[in-house]
Structures are given as structure tokens and as C-alpha cells.
Number of protein chains: 2
Amino acid sequence: MNRHHSPVIPHVLIVDDAPDIRSSLCQYLKKQGLHTSSAADAAEARQTLSEAHIDLVILDIMMPGEDGLSLCRWMAANTEIPVILLTAMAADMERIIGLEVGADDYVVKPFNPRELLARARAVMRRHPATAFTAESRCRRFDKWIHNPKDQTIIHHNGSTVKLTSTENRLLGVLLDHPYRVLKRSMLLDRVMRREEKAYDRAIDNQVGRLRKKIEQDPSNPKILVTEWGGGYKLMAEVESTEAP
Amino acid sequence: MNRHHSPVIPHVLIVDDAPDIRSSLCQYLKKQGLHTSSAADAAEARQTLSEAHIDLVILDIMMPGEDGLSLCRWMAANTEIPVILLTAMAADMERIIGLEVGADDYVVKPFNPRELLARARAVMRRHPATAFTAESRCRRFDKWIHNPKDQTIIHHNGSTVKLTSTENRLLGVLLDHPYRVLKRSMLLDRVMRREEKAYDRAIDNQVGRLRKKIEQDPSNPKILVTEWGGGYKLMAEVESTEAP
DNA sequence: ATTGTGTGAGACAAATTGCGACAATTGAAT
DNA sequence: ATTCAATTGTCGCAATTTGTCTCACACAAT
């Protein structure tokens with residue numbers, strides 16, 4: 001479980017002739033901690049592919065000029081870069097899937113950017129050529145920036161606090177699900193190395209320890225809050241960010 | 001019905017190994033205004049669950065690989081996320097219901113998407129954990145400002161009073177329906193986490209406790225008023241407001 | 001007034017959690 | 001291998017939160 005991935009941030013190329021989709025998608029993925037480029041047509045896409053190191057292509061197949069499908073076929077034949085296809089119509093999608101163009105996944109417009117991101121991650125994770133790690137992402141919450149690679153959190157005033165590895169994992173899971181109550185069993189599952197029989201309340205201890213580091217007043221938690229009878233929840237906006 | 005349209009559109013995860021069901025169901029639910037993701041097997045579902053904020057899982061239990069049932073059990077044990085089970089055969093369904101896997105509802109294929117949607121909505125509405133999670137807006141009433149994120153109310157004179165988790169939920173529901181009589185059964189449903197058997201008047205106690213915190217004279221309630229034989233109602237103008 | 005039902009307030013027990021203490025374990029340096 | 005320090009799991013106990021119960025009282029209808 002402790003795969004230490006490359007610190008390289010994945011670079012996504014978005015190919016779509018609609019400028020609004022290009023920019024909004026770029027913006028969203030950037031905010032989520034990815035690098036992005038965009039191209040308005042297949043020719044531009046080829047250009048970018050030859051110049052930059054691209055880890056994933058998100059490709060709208062309904063484009064003027066060279067068909068998106070032929071670009072997709074070309075990539076499948078000549079590169080290792082995974083492709084996610086976009087199309088406006090579900091009906092077309094079925095036809096296209098039948099064509100076996102070598103795409104790794106398909107999304108129908110209008111899509112939820114979050115879902116697209118999840119699929120992008122899934123595709124990249126599956127793909128040996130791209131080592132994408134959600135674990136190495138830095139995320140901002142409250143007045144802190146979590147740097148999971150260094151096991152540190154950096155306060156807005158500049159001071160740095162070191163986390164232990166368990167605290168680091170715990171914070172990572174909490175940041176994955178802000179505003180949601182996470183049960184002890186779930187946290188135990190993902191955070192602790194438990195030997196079959198685990199003391200159910202080992203997690204309480206870690207929560208308390210993490211509180212001492214991130215809360216202004218650990219006896220009055222504002223960020224890592226207890227839901228009585230439920231579990232714990234992180235009450236803070238979370239935003240992916242570049243390493244500081 | 002939900003006058004403060006939740007800022008969070010429910011996000012449904014569909015787990016089914018049949019691609020046609022996945023995509024058609026996704027499409028239908030999307031058209032009906034929900035966010036959707038899909039997974040082809042249990043492993044993919046776990047991945048999505050750890051990465052995205054999922055409010056409901058629709059799960060086909062007849063899947064290759066890890067049994068859908070074990071995923072369902074794991075979710076019941078480790079998450080608060082409600083589950084609707086799908087199966088192709090009505091006969092199997094009875095057996096499965098007997099297994100007590102912790103699902104919230106069951107639908108037999110082939111199903112009417114509209115019915116599935118209705119059940120999905122019912123399950124989510126009924127589920128306090130998912131319905132409430134990310135609602136963190138502050139609201140002003142009488143001389144108080146409710147800050148659900150911090151579980152506090154702040155008086156106009158500046159003093160802050162802490163609420164317990166249950167009081168916080170109760171006040172949240174009351175503020176959702178000002179000047180309206182709320183029956184005990186409704187409050188029990190949304191406020192208490194009731195384990196099978198519930199003492200009908202547990203809510204009275206919570207109302208009393210909340211009164212001690214918000215009423216000037218708790219024995220003469222002006223804000224949280226009893227409707228004799230009916231329930232309780234909040235008699236105050238409610239106004240959404242910025243965090244103080 | 002009397003009766004029956006619903007409600008408020010306090011007491012109480014059960015369940016849950018915070019926190020300090022400590023032992024077991026790990027990891028690094030010697 | 002040994003030592004030492006840091007980390008982490010386990011436990012005990014006090015404090016908090018919650019659900020249930022009891023009893024006195026309020027309300028509506030005889």
C-alpha cells in the first residue's frame with residue numbers, strides 16, 4: 001500500500017473545438033492539481049503531443065477537420081498515451097464503442113467534471129506508463145497546506161509542522177471527504193495497520209494527536225469535529241494546490 | 001420541497017458489470033438532475049468511493065470478482081452511504097434480503113427508471129447523514145445566528161453557546177421549516193439516529209434541552225413552541241446570512 | 001370538578017468520547 | 001546485536017451526550 005509514486009504531476013491534454021468546454025475543463029482540472037493543455041483540433045493536438053510530455057488525452061470526437069476518431073486510432077497505434085473520448089450524444093457513443101478505436105474510457109456530454117476527473121485518475125492508475133498519485137497532491141484546508149510527500153503541514157504564517165506517518169494518512173483520508181462523517185471502522189480500515197483484532201478506539205487517539213497539531217484550541221475543535229455516535233468529520237473547504 | 005436547494009447535488013454511484021445498464025441509467029439520472037459516476041466492478045467502486053463524495057450507491061449484486069454482497073456489507077459497516085440493491089431475479093432477492101446486508105432498498109430488474117429514481121430520492125431524503133452533510137450555511141433567527149459548521153449559536157450580544165450534535169441537527173431541521181408544525185415522527189426521522197426501536201418521546205427531551213439554550217425563559221417558550229397534540233414549531237423569521 | 005391524554009422537567013443509566021498514562025513496537029544510530 | 005528515541009496501540013477514568021423513565025402539570029372534553 002505504500003507505493004511511492006513519482007512526484008510528477010500528470011499532464012492532461014484536452015482536445016475540443018468548443019472553447020468554453022476547453023477552458024472550463026482546464027480550469028477545473030488545474031484546480032484539482034493537474035497540469036493541462038488544450039487544443040482546438042486534431043492538428044493542434046498532434047503539435048502539442050510532439051512537444052510536451054502528455055499523460056492523458058481527453059478527446060472530443062465530434063470535431064471539424066480531421067476526424068477525432070482517426071487521431072484516436074493514430075494514438076493507439078503510435079503512442080502509449082491513454083485516451084478518454086467525449087461525445088455529445090449517447091447514441092453515437094455506442095456506435096463508436098463498436099468501432100474499437102482503442103480508447104480507454106468514454107464520457108457523454110454533458111458530464112460532471114468530477115466524474116471525468118475520477119475516470120481520468122482511474123485510467124492513469126491502470127496505465128503503467130503514467131504513474132499518477134493522488135497521494136502526492138498538496139491540498140489547502142483552513143489555514144494549512146498539507147504536503148503528504150514530506151509528511152508536513154505548513155501554516156499560512158509560514159511555520160511548518162511535521163506529521164507522523166499515521167497522522168499523515170489520517171489527514172489524507174479526511175481531506176478526501178470534507179464535511180462527511182467518517183466512521184471509526186472506515187478510518188481504522190484506511191489509516192491504521194491493524195492486526196485482525198484492533199482496539200476500536202485507537203483512532204480516537206490519533207484524532208486527538210492530529211487535533212493538537214492542526215487546531216488552534218484542541219479542546220474546542222473547529223476543523224476536525226466529532227459527530228457524537230457517528231465518527232469524525234473535517235469541516236473545512238479543501239482545494240488542491242501546487243506544492244509551495 | 002427543499003426550499004433551501006442544497007448546494008450539493010446528490011452524487012449517485014452506479015455499480016454494474018453490464019455497460020448498457022450503466023450508461024443508460026447514468027444518462028437517465030443525469031437528465032433528472034443528479035450527478036452520476038459508474039463502476040464496472042467492486043474494486044472500481046471502492047476506488048471511486050475513496051476519491052469522490054458519493055451520496056448513494058446503486059449496486060448490482062450479481063457481479064464477477066468480488067461479490068457485490070461483500071461490498072455492500074463493507075459499506076454498511078464502514079460508511080454512512082445508503083445502498084440500493086439491484087438484481088436480475090426476484091427469487092434471489094428474497095434470499096438476499098434475508099442476509100441482512102444493510103441495504104436501504106431493493107429493486108428487481110428489469111426496473112422502471114422512474115421508480116428507481118423515486119426510491120433513490122426517498123432513500124436519500126430519509127438519510128440524515130447524506131442529506132445534511134455539507135450544509136454549512138449560517139442562518140439568523142430571533143436574536144441568534146446558527147452556525148451549523150461549528151455547532152454553535154451566537155447571540156446578538158456576542159455570547160456563543162455550543163450545541164451538541166443532535167441539538168445542531170434539530171435546530172437545522174427547525175430552521176428549514178419556520179412557522180410550520182413538525183410532527184414528532186418527522187423530527188425523529190431526521191434528527192435522531194434511531195436503532196430499530198425508538199422511544200417516541202426522546203425528541204421531547206432534545207426540544208427541552210434546546211429550549212434551555214435558545215429561550216430567554218425556557219418554561220415560557222417563545223421561539224420553539226409546542227403545538228398541543230401536533231408537534232413543535234419554530235416561531236421566528238429565518239434569514240440566511242454570512243458567517244459572522 | 002373530573003377524566004383521559006399529551007407535555008415539561010428532572011433524575012438516572014447507558015453509551016460514547018477526551019485525555020493522560022503507559023507499554024509495545026518501530027526505526028535509526030551506534 | 002544493542003541502545004535510545006520516537007511512534008503507536010491499549011487501557012483506565014472522568015466528562016459529556018443521549019435515551020428512557022417517572023411524576024407533576026397542562027389541556028381539552030365531558
Side-chain angles (χ1 to χ4, degrees), chain A residues 1-2 4 150-152 161-171 173 181-233, chain B residues 80 128 151-152 161-171 173 181-233:
Chain A
M1 203 56 181
N2 269 340
H4 265 267
D150 305 348
Q151 301 200 0
T152 58
V161 176
K162 272 198 75 175
L163 300 178
T164 68
S165 51
T166 305
E167 287 161 356
N168 194 49
R169 284 195 302 275
L170 172 58
L171 182 54
V173 173
V181 179
L182 302 177
K183 301 218 283 192
R184 281 185 175 69
S185 53
M186 191 269 210
L187 293 171
L188 275 168
D189 219 38
R190 304 214 174 159
V191 174
M192 326 288 276
R193 46 178 170 194
R194 59 171 175 183
E195 324 272 336
E196 270 309 314
K197 277 206 166 182
Y199 177 48
D200 286 47
R201 296 191 45 201
I203 202 72
D204 295 34
N205 221 328
Q206 293 299 344
V207 168
R209 283 162 179 155
L210 183 54
R211 273 177 179 155
K212 285 187 183 162
K213 297 191 176 179
I214 67 173
E215 295 280 359
Q216 195 165 3
D217 175 10
S219 57
N220 262 49
K222 301 280 186 189
I223 309 173
L224 212 177
V225 182
T226 301
E227 178 82 10
W228 204 93
Y232 298 98
K233 57 186 176 181
Chain B
E80 297 279 344
Q151 304 198 163
T152 59
V161 177
K162 281 187 67 174
L163 301 178
T164 67
S165 300
T166 307
E167 287 161 358
N168 194 48
R169 283 196 301 275
L170 172 58
L171 182 54
V173 173
V181 179
L182 304 177
K183 290 196 285 194
R184 281 186 175 68
S185 56
M186 185 272 212
L187 292 172
L188 275 169
D189 242 22
R190 304 208 182 179
V191 175
M192 328 286 275
R193 55 199 184 82
R194 54 176 179 181
E195 315 279 335
E196 276 305 316
K197 48 187 172 185
Y199 177 50
D200 282 47
R201 295 192 46 197
I203 200 73
D204 295 35
N205 217 329
Q206 293 298 345
V207 168
R209 282 163 179 154
L210 184 54
R211 274 175 177 155
K212 284 187 184 163
K213 297 192 175 179
I214 67 173
E215 295 280 359
Q216 195 164 8
D217 176 10
S219 56
N220 261 45
K222 301 285 184 189
I223 310 173
L224 212 177
V225 182
T226 302
E227 178 85 7
W228 208 87
Y232 299 99
K233 57 184 175 181

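Just so you know, these numbers come straight off a predicted model, no measurement behind them. Order of the sequence lines sets the chain letters (A, B, ...), proteins ahead of strands, with each chain counted from 1.
- With D/dT10, D/dA26, C/dG8 as the candidates, the nucleotide lying closest to the side chain of A/Y199 is D/dT10.
- The nearest whole Å value for the distance from the CG atom in B/N220 to the C1' atom in D/dC25 is 14 Å.
- Smallest separation of non-hydrogen atoms from A/P218 and A/P221: O-CG, 3.7 Å.
- In this structure, A/Y232 does not reach the C/dT16 phosphate: none of its side-chain N or O atoms is under 4.0 Å from OP1 or OP2.
- For the pair A/D204 and A/R184, the salt-bridge criterion is met [side-chain N within less than 4.0 Å of a carboxylate O].
- Counting only heavy atoms from C-beta on, A/W228 has its side chain closest to C/dA15 among C/dA15, D/dG9, D/dT10.
- As judged by a 4.0 angstrom heavy-atom cut-off over every strand, A/K212 is placed among residues touching the sugar-phosphate backbone only.
- Rounded to an integer number of Å, the gap from CD1 of A/I203 to P of D/dT10 is 12 Å.
- Atom CG of A/L210 is separated from atom P of C/dC19 by 13 Å (rounded to the nearest Å).
- Phosphate contact (OP1/OP2 of C/dG6, side-chain N/O of B/R184, threshold under 4.0 Å): absent.
- Taking OH of A/Y232 as the reference point, atom CD of A/Q206 lies at 11.0 Å (rounded to 0.5 Å).
- With rounding to whole Å, B/R169 atom CZ is found 7 Å from D/dT18 atom P.
- Remark: C1' of D/dG19 and CD of B/Q206 are 8 Å apart, rounded to the nearest angstrom.
- Proximity of A/T226 to the phosphate of C/dG18: a side-chain N or O atom is located under 4.0 Å from OP1 or OP2.
- A/K162 and A/E167 get closest at one heavy-atom pair: O-OE1, 4.5 Å.
- Candidate nucleotides D/dT8, C/dA9, D/dT18 were compared by shortest atom distance to the side chain of A/T164, and D/dT8 ranks first.
- For A/L188 and D/dG9, the CG to P distance is 9 Å, given to the nearest whole Å.
- Remark: A/S165 is not in phosphate contact with C/dG27, judged by side-chain N or O atoms under 4.0 Å from OP1 or OP2.
- Picking from C/dT7, C/dC22, C/dC19 the nucleotide with the shortest atom distance to the side chain of A/R209 gives C/dC22.
- Side-chain proximity of A/R201 to C/dT7, C/dG18, D/dG9: nearest is C/dG18.
- Distance, A/D204 CG to D/dG9 C1': 12 Å, rounded to whole Å.
- Counting any heavy atom pair closer than 4.0 Å across all strands shown, A/G229 reaches sugar-phosphate atoms only and no base atom.
- Rounded to the nearest 0.5 angstrom, B/L170 CG and B/L163 CG are separated by 9.5 Å.
- In this structure, NZ of A/K162 is placed 12 Å from C1' of C/dG27, rounded to the nearest angstrom.
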